Amino acid sequence: MDILVTGGAGYIGSHTVVALIEAGHTPYIVDNYSNSSPAVLDAIRKITGVSVPAFKFDVQDESKLNRLFSRVSFDAVIHFAGLKAVAESVERPLEYYDNNLQSAIVLLRTMRKHYVNRIVFSSSATVYGPKNPVPFTEGMDTCATNPYGWTKVMIEQIIRDVCVAIPDMSAVMLRYFNPVGAHPSGLIGENPNGIPNNLVPYIQKVATGDLPHLNVTGTDYDTPDGTGVRDYLHVVDLAQAHVKAVDYTLGKTGSVEINVGTGKGESVLNMLHAYERACGKTLPYVAAPRRAGDIAECFADTRKAKELLGWEAKLGVDDMCRDSWRFVSQN
Ligand code: NAD
Ligand code: UFG
């Protein structure tokens, strides 16, 4: 299939482009490189032997998007493009609502115009909000605690509404839990600029010596070791879920929400110790206050992914930390 991948130069998008090529599809990337670099295209070529057509523009640019849809008859779209930093979204809410909502609306309008009816959307476990009990199941009420999370709640609703209005539309909204790790080649992965907000990118920088210690943000949660519990998922497994989700849209109509996680929760300290095993070093940490808005535990009920997509995670935390460490030590 010819598949448009918006945000395909980003962390999850680049791994998905590799998985699509390996599954025999032809991906096309649109990315404005606001949080990535065209260098990733060389890395994808080294891994797959394929030069992926890539177009540098903002998904909100409707005339450029229309021109691309006129040139290529896409069978499906995977929509990753968006801003994703929670704290930044609290500081710059309009930028987040503008970029994330407008990109989704322009994309859906262009798809409609060109009779492209299949979309896979990057949603997030953040839509379960702070009140639902774990494990999170797809039927639970959705809510958010920050502008980034609200954009996911809102785009999911926009897609549901479009699927009602256009009966031959088919949409899968994948709710990712905590994607980490890197491609086993060490050529693509996640390496944010500056001080990372998320746990594994932060641990990476402690392991390389760029940061002195991990701040464990919350040690008094009602969890086995007092630290926050999350459902960490290897990005290569997550990429496979997208290949399955695109296949699922064939011959289907309507919209569906599907959790993508392992179903297992790991504490901050367990992740730190797994990373110590991967890099062969002791990694210092200090107890720090809870982060505002954090919840104690977050992990998925994964039955729907297995039933509908035939997908389940294959890789564990040791694989995630090993591949993350290989990526940072090679780059
Ligand atoms: P990323 O920032 O690495 O990738 C996003 C890509 O989209 C980047 O390459 C960026 O340059 C591009 N982009 C942003 N706005 C654009 C626009 N308007 N037009 C064109 N390109 C644009 O992020 P990621 O971690 O790969 O996340 C991909 C998607 O998955 C995002 O929608 C994110 O919200 C969602 N998600 C991520 C996580 C996570 O922990 N990484 C968790 C849940 C959901
Ligand atoms: N943590 C630390 N120290 C740090 C960073 C994080 O101890 O320096 C802890 C947090 O308190 C939490 C756990 O590590 O208990 C995971 O934190 P992350 O920031 O890595 O992940 P979150 O689950 O808080 O949030 C992530 C994404 C959100 C997304 C959510 C659900 O950042 O965008 O997963 O998918 F919405």
Side-chain angles (χ1 to χ4, degrees), residues 5-16 29-38 40 55-61 64-65 78-87 89 95-96 98-100 102-104 106-107 121-128 136 144-146 148-149 151-152 155 174-180 188-192 195-203 205-206 211 213-219 221 223 227-233 235 238-239 242 259-261 265-269 271-272 285-300:
V5 185
T6 74
Y11 171 50
I12 305 169
S14 57
H15 289 82
T16 301
I29 294 173
V30 168
D31 202 302
N32 62 3
Y33 303 116
S34 58
N35 196 36
S36 55
S37 143
V40 81
F55 304 89
K56 183 187 174 187
F57 64 84
D58 196 303
V59 180
Q60 297 169 81
D61 188 332
K64 286 191 177 143
L65 201 59
I78 306 181
H79 182 41
F80 292 105
L83 302 175
K84 64 162 185 175
V86 171
S89 81
E95 229 172 274
Y96 271 68
D98 193 23
N99 186 65
N100 293 3
Q102 191 61 14
S103 296
V106 166
L107 179 64
F121 170 62
S122 298
S123 188
S124 165
T126 197
V127 302
Y128 290 110
F136 295 147
T145 54
N146 55 71
Y148 165 74
T151 69
K152 295 298 181 192
I155 296 169
L174 295 178
R175 292 177 175 167
Y176 314 155
F177 280 67
N178 290 60
V180 300
I188 50 174
E190 186 177 32
N191 201 0
I195 297 181
N197 299 305
N198 298 117
L199 180 65
V200 171
Y202 201 105
I203 295 177
K205 289 205 188 272
V206 177
L211 290 169
H213 56 255
L214 174 69
N215 297 300
V216 178
T217 49
T219 51
Y221 285 111
T223 58
T227 69
V229 165
R230 297 289 184 275
D231 186 339
Y232 298 95
L233 164 77
V235 66
L238 176 57
H242 290 82
N259 289 341
V260 191
E266 295 285 349
S267 73
V268 173
L269 292 180
M271 285 307 280
L272 183 70
Y285 69 91
V286 298
R290 293 180 181 195
R291 293 188 309 197
D294 261 5
I295 53 176
E297 291 185 285
C298 171
F299 53 90

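All of these numbers come straight from a predicted model, not from anything done at the bench. Each ligand, and each atom within it, is numbered from 1 in the order the structure gives.
- No part of Asn198 comes within 4.0 Å of ligand 1, judged by heavy-atom distances.
- For Tyr232, the heavy-atom gap to ligand 2 drops under 4.0 angstrom.
- Taking a cut-off of under 4.0 Å to the non-hydrogen atoms of Ser122, the atoms of ligand 1 that pass are 29 (C), 30 (O), 32 (O), 35 (C).
- Atoms of ligand 2 lying under 4.0 Å from at least one heavy atom of Ser124, given by number and element, are 29 (C), 31 (C), 35 (O), 36 (F).
- For the ligand labelled ligand 2, residue Tyr221 lies outside the 4.0 Å heavy-atom shell.
- What sits closest to atom 13 (N) of ligand 1 on the protein, heavy atoms only, is Asn32 OD1, 3.4 Å.
- Scanning the protein heavy atoms around atom 31 (C) of ligand 1, the nearest turns out to be Phe80 O, 3.2 Å.
- Among protein heavy atoms, atom 3 (N) of ligand 2 sits closest to Asn215 O, 2.7 Å.
- Scanning the protein heavy atoms around atom 32 (O) of ligand 2, the nearest turns out to be Asn198 ND2, 2.7 Å.
- Under a 4.0 Å criterion applied to the non-hydrogen atoms of Tyr176, ligand 2 contributes the atoms 35 (O).
- When heavy-atom distances to ligand 1 are checked against a 4.0 Å cut-off, Ser123 comes that close only through its backbone atoms N, CA, C and O.
- At under 3.5 Å, a nitrogen or oxygen of Val59, whether backbone or side chain, sits near a nitrogen or oxygen of ligand 1.
- Atom 1 (N) of ligand 2 has Thr217 OG1, 3.3 Å as its closest protein atom, hydrogens excluded (heavy atom only).
- Each of the atoms 35 (O) of ligand 2 lies under 4.0 Å from some heavy atom of Phe177.
- You'll find the ring centres of His15 and Phe80 outside the 6.0 Å limit.
- With a 4.0 Å cut-off on non-hydrogen atoms, Tyr148 touches ligand 1 through its side chain and not its backbone.
- Of the protein's non-hydrogen atoms, the one nearest atom 33 (O) of ligand 2 is Tyr148 CE2, 3.4 Å.
- Ligand 1 has Asp31 within reach: a non-hydrogen atom of the residue lies less than 4.0 Å from it.
- Using a 4.0 Å cut-off between heavy atoms, Ser34 contacts ligand 1 through both its backbone and its side chain.
- Residue His79 places every heavy atom at 4.0 Å or more from ligand 1.
- Contacts of Glu190 with ligand 1, taken as heavy-atom pairs under 4.0 Å, are absent altogether.
- Of all protein heavy atoms, the one lying nearest to atom 21 (O) of ligand 2 is Asn178 ND2, 3.1 Å.
- Here the heavy atom of the protein found nearest to atom 15 (N) of ligand 1 is Asn99 ND2, 3.3 Å.
- In this structure, atom 12 (C) of ligand 2 lies nearest to the protein heavy atom Arg230 NH2, 3.7 Å.
- For ligand 1, the polar-atom distance check against Gly10 finds a nitrogen or oxygen pair separated by under 3.5 Å.
- Scanning the protein heavy atoms around atom 24 (O) of ligand 2, the nearest turns out to be Arg291 NH2, 2.7 Å.
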